[in-house]
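Heads up: the structure comes next, in structure tokens.
Just so you know, ligand 1 is whichever comes first in the structure, and atom 1 is the first atom listed for that ligand. Because only heavy atoms are used, hydrogens play no part in the values below, and waters and symmetry mates are left out as well, while side chains stay in.
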Amino acid sequence: MDFEEYTKKQKRTSPDNSSIIMVALGLTGESGEFADIVKKHLFQGHPLDTEHLVEELGDILWYISEGAKILGVSLSEVAQKNIEKLEKRYPEGFDPGRSINRKP
Ligand SMILES: [Mg+2]
């Protein structure tokens, strides 16, 4: 599935009262759910539930798509801008030195 198709299908479940605040809280909540699965694996002896992690990534994607819609940009634009930033920050690929001394 590409970004355009995802966005079309995601919008179907967007509530009428959607807002940037809902997106901010939703991203935080779903990221917390992702972190909780990792925490349970590392500290509570649970097997790493990769299927559940993938499900939570999907929930995070839903909120990213919703945020993009509210900000008036496409998911493709969000992805493209992120890659452009990373190419500028790490022109030769990831470099720990550039990470430690990175500029905003
Ligand atoms: Mg979730």
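Heavy-atom neighbours of F43 CZ from other residues, nucleotides or ligands within 6.0 Å: at or below the threshold of 12. No more than 12 heavy-atom neighbours from other residues, nucleotides or ligands sit within 6.0 angstrom of CD on E4.
Listed for the R98 side chain is a donor-acceptor partner under 3.5 Å among the backbone atoms of R89. A donor-acceptor distance shorter than 3.5 angstrom exists from the side chain of E77 to the backbone of S74, with no hydrogens or angles considered.
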Take V38 and H41 through the test side chain to side chain contact (heavy atoms under 4.5 Å, CB included) and record every step on the way to the result.
CA-CA 5 Å; V38 175; H41 172 64; 5.6 Å; no

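Of all heavy-atom pairs spanning E66 and Q10, the tightest one is OE1-NE2, 2.9 Å.
Closer than 2.8 Å to the Mg ion (ligand 1) sit the protein N, O or S atoms E30 OE1, E33 OE1, E56 OE1, D59 OD2.
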